[in-house]
Amino acid sequence: MRKRKPSPRRKSEKTAEQPRDRLAEIRAEIRDVQQQIETKRRDGRAIRTAKDFESLERAIAALTNQLAALLVAEAAQAALDDSENRRQARSFAQGAGHTIKDQGRRDVTLRTACGPIVVRATYFSRNCDRGKSGKGMYPLLLLWGVHDRCTAAIASEVSKLVAMLGSLEEVEQVLSDRGQPLDLKTIRAIAYRFAMRARAAQRGGNLNWGESVAGRRVALSTDGGRIRIRTTKRGPKTAKGRNRYRTDWREPKLLIIYVVDEKGQMDRDFLAVIDGTLGGPDAIFKLMEFYLRELQITTADAILFVADGARWIWNRVGALLRRLGVKPEQVSELVDFYHAVEHLGKIAALQSRWTASERQAWIGRQRRHLLKGKVEEVQAAIDTACGSRPGKALRRERDYFKRNVGKGRMDYARVAGLKLPIGSGAIESAIRRVVNLRLKGPSIYWHKTSAEAVLLLRSYYKAGRWNQLERQALTNNVGIAA
């Protein structure tokens with residue numbers, strides 16, 4: 001049987017695909033929305049009721065927001081198509097730390113303050129990762145401060161809401177009411193990575209605030225709050241397959257740096273510096289040293305370090321000031337007056353033979369002596385009250401006064417005469433506003449990294465320094481894909 005020759009395969013005619021013109025598509029969408037707006041404008045329907053007014057307002061807002069997003073998309077796409085910008089993107093990609101290649105242009109959905117937009121941008125990655133998501137970068141978007149597919153404006157707005165409101169659920173609700181719906185996972189990722197980038201820029205010494213405390217009187221303070229940190233337990237999971245965890249109390253430590261005016265009040269013309277960390281005493285003092293160097297603390301006219309009597313604070317103050325090169329005559333150290341009075345109350349409470357009125361009279365007398373600078377008389381009265389063989393509690397209180405009086409930290413008359421604060425109310429208030437009203441509450445547990453992020457965001461927000469934090473977060477990082 002003769003074999004039939006295979007018929008030659010018909011060669012498919014390949015038609016060259018035209019590159020997609022995203023800019024033209026955006027401009028067509030703009031014209032369409034403009035037409036809708038013009039139609040709405042010419043609509044002669046009269047407003048009769050509050051419901052009519054509300055529906056008109058919402059319809060116009062939706063159209064104008066859509067137009068605003070498209071205008072942003074048009075400007076972005078035109079810049080992405082610019083030859084000079086594309087050359088800059090290639091140059092930027094070459095410094096990524098490993099060899100990455102141009103993988104062509106891809107559609108990217110960006111979140112903006114006006115709403116989501118779609119642009120076509122050049123994607124760079126290693127050849128082996130070309131088909132994997134999250135393994136490459138859009139260099140030009142990174143240069144524009146676009147991280148996690150979010151523009152700088154929307155990342156800052158979401159992060160500020162996380163700092164401002166009481167929970168992520170509240171942030172989700174506010175954004176939904178504004179017509180910018182985001183789920184909890186996305187909100188958390190945007191805010192925490194915003195904080196991470198800001199802290200990374202800070203560690204790199206990239207503050208550049210351009211501020212100085214030259215010729216001013218500066219007050220420094222630090223203290224700790226309390227929050228619960230969630231840590232995963234070892235061992236078997238629950239019946240539902242979840243990790244078991246512990247919720248131990250931890251002490252986030254905060255710092256505050258502020259300027260005092262001639263009346264002894266906080267100078268409102270200089271924004272206070274507030275920050276915090278869960279890293280422990282050494283970490284908070286390292287953070288304080290960083291800020292004091294940025295503010296050129298050696299040029300200050302006078303420096304007051306005021307805090308409670310905690311040893312973790314005072315054991316590190318001297319070393320901090322020496323590292324900064326501050327002259328001893330510039331500095332006054334002071335134990336918070338109201339904490340000192342509290343310790344007087346503890347001594348009086350331990351006097352079992354005294355009546356309630358005798359205790360109050362003794363406390364009031366020693367309080368007046370402290371304010372008048374008669375610390376020797378106060379110490380003598382404490383020694384008399386404690387007796388020759390005091391118990392452990394009385395001995396601890398007596399040593400508290402001996403230690404701080406001996407170091408000159410209870411000279412309240414001199415410090416008050418200089419019109420400087422004798423209390424640490426500023427840091428107590430900061431702990432309440434930053435920690436207690438945002439991170440502490442019934443059944444509120446934090447992962448450590450999450451708590452660190454919210455501490456940073458909340459501290460800068462409450463200090464009124466959000467613009468500085470925003471600039472820090474915009475610092476470009478080649479290693480992070482947009």
Side-chain angles (χ1 to χ4, degrees), residues 160 162-167 211 213 216-228 249-278 281 283-285 287-288 291-292 295 297 300 302-310 312-314 317 332-343 345 367 371 409 412 415-416 418-441 444 446 451-469:
K160 185 185 282 189
V162 169
M164 184 191 310
L165 300 177
S167 67
E211 296 182 34
V213 293
R216 296 172 181 257
R217 304 189 309 159
V218 183
L220 321 174
S221 192
T222 183
D223 204 351
R226 277 168 66 83
I227 62 173
R228 297 179 78 174
W249 286 103
R250 290 283 303 276
E251 185 180 58
K253 292 179 168 53
L254 260 66
L255 65 86
I256 188 169
I257 303 167
Y258 62 98
V259 169
V260 181
D261 62 19
E262 64 279 359
K263 296 180 181 178
Q265 303 295 320
M266 185 182 291
D267 191 343
R268 301 298 176 182
D269 293 333
F270 181 92
L271 294 175
V273 176
I274 303 175
D275 203 349
T277 180
L278 282 159
I284 196 67
F285 271 83
L287 204 54
M288 182 177 284
Y291 284 118
L292 292 175
L295 296 170
I297 190 63
I303 302 166
L304 171 69
F305 200 111
V306 57
D308 63 26
W312 70 263
I313 297 175
W314 296 109
V317 171
S332 297
E333 296 181 6
L334 199 69
V335 168
D336 172 63
F337 174 73
Y338 305 98
H339 277 86
V341 173
E342 185 181 336
H343 282 271
R367 187 180 189 276
L371 286 173
R409 297 181 191 137
Y412 300 109
V415 174
L418 295 172
K419 298 292 183 182
L420 290 170
I422 61 171
S424 59
I427 190 66
E428 302 287 349
S429 173
I431 288 170
R432 177 180 176 274
R433 291 180 295 132
V434 173
V435 177
N436 296 352
L437 296 180
R438 181 62 181 90
L439 291 104
K440 186 179 178 182
I444 296 179
W446 295 88
E452 288 277 8
V454 176
L455 263 178
L456 176 63
L457 298 176
R458 180 82 172 182
S459 296
Y460 270 70
Y461 173 72
K462 285 299 181 182
R465 289 185 173 271
W466 190 262
N467 290 339
Q468 281 98 332
L469 188 70

Checklist line | Non-hydrogen side-chain atoms of Lys419 and Glu262 separated by less than 4.5 Å | finding: no
Note to self: Once you measure the plane-to-plane angle for Tyr291 and Tyr460, does it fall in the parallel (<30°), tilted (30-60°) or perpendicular (>60°) bin?
What the structure shows: tilted
Next item on the list: To the nearest 0.5 angstrom, please state how far the CZ atom of Arg226 sits from the CD atom of Glu251.
Entry: 8.5 Å
Item checked: Stepwise side chain to side chain contact (heavy atoms under 4.5 Å, CB included) test for Met288 and Phe305 -> CA-CA 12 Å; Met288 182 177 284; Phe305 200 111; 3.8 Å; yes
Next item on the list: Calculate, to the nearest 0.5 Å, the distance between atoms CG and CG belonging to Leu456 and Leu469 respectively.
Entry: 5.0 Å
Notebook entry, point to check: Taking Phe337 as the fixed residue, which of Val335, Val341, Leu334 is the one that meets the side-chain contact (heavy atoms from CB on, under 4.5 Å) rule?
Noted result: Val341
Check: Can you check whether Lys253 reaches Leu287 side chain to side chain, under 4.5 Å on heavy atoms?
Finding: no
Note to self: To check you understand the geometry: which heavy-atom pair defines the closest contact between Leu254 and Ala430, and what is its length?
What the structure shows: CD2-O, 3.8 Å
Next item on the list: Measure the CZ-CD1 distance between Phe285 and Ile313 for me, rounded to the nearest 0.5 Å.
Entry: 6.5 Å
Note to self: What's the separation between atom CG in Asp223 and atom CG in Leu255, rounded to the nearest 0.5 Å?
What the structure shows: 11.5 Å
Notebook entry, point to check: From Leu437 CG over to Arg432 CZ, what is the distance, rounded to the nearest 0.5 angstrom?
Noted result: 4.5 Å
Item checked: Side chain proximity check, Leu371 to Ile422, heavy atoms < 4.5 angstrom -> yes
Notebook entry, point to check: Within a strict 4.5 Å, meaning less than it, do heavy atoms of the Ile257 and Val213 side chains meet?
Noted result: no
Item checked: Point-to-point distance, once rounded to the nearest 0.5 Å, from OH of Tyr258 to CG of Leu304 -> 7.0 Å
Next item on the list: Give a yes or no answer on whether the side chain of Asp261 reaches the backbone of Gln265 with a donor-acceptor pair at less than 3.5 Å.
Entry: yes
Checklist line | Evaluation steps, side chain to side chain contact (heavy atoms under 4.5 Å, CB included), between Lys462 and Arg438 | finding: CA-CA 11 Å; Lys462 285 299 181 182; Arg438 181 62 181 90; over 6 Å; no
Next item on the list: Dump the intermediate steps for side chain to side chain contact (heavy atoms under 4.5 Å, CB included) on Glu428 and Asp336, then the final yes or no.
Entry: CA-CA 11 Å; Glu428 302 287 349; Asp336 172 63; 5.6 Å; no
Next item on the list: Identify the two heavy atoms, one from Arg409 and one from Trp314, that lie closest to each other, and give their separation to 0.1 Å.
Entry: NE-CE3, 3.5 Å
Item checked: Side-chain donor/acceptor of Arg217 to backbone N/O of Leu418, under 3.5 Å -> yes
Next item on the list: Please report the closest heavy-atom contact between Ser424 and Ser221, naming both atoms and the distance.
Entry: CB-OG, 4.0 Å
Check: For Lys440 and Ile444, what are the C-alpha separation, side-chain angles and deciding distance, and is it a side chain to side chain contact (heavy atoms under 4.5 Å, CB included)?
Finding: CA-CA 6 Å; Lys440 186 179 178 182; Ile444 296 179; over 6 Å; no
Next item on the list: Give a yes or no on whether the backbone of Leu271 and the side-chain of Arg465 come within a donor-acceptor separation of less than 3.5 Å.
Entry: yes
Notebook entry, point to check: Taking Trp446 for the side chain and Leu439 for the main chain, is one N or O donor matched with an acceptor at less than 3.5 Å?
Noted result: yes
Check: What's the shortest heavy-atom distance between Ala451 and Leu278, and which atoms?
Finding: CB-CD1, 3.7 Å
Checklist line | Donor-acceptor pair, side chain of Arg458 and main chain of Ala163, under 3.5 angstrom | finding: yes
Notebook entry, point to check: Closest approach of Thr222 and Trp312, non-hydrogen atoms and distance?
Noted result: OG1-CH2, 3.8 Å
Margin query: Using every non-hydrogen atom in the two residues, find where Leu455 and Thr277 come nearest and quote the distance to one decimal.
Written below: CD1-N, 3.9 Å
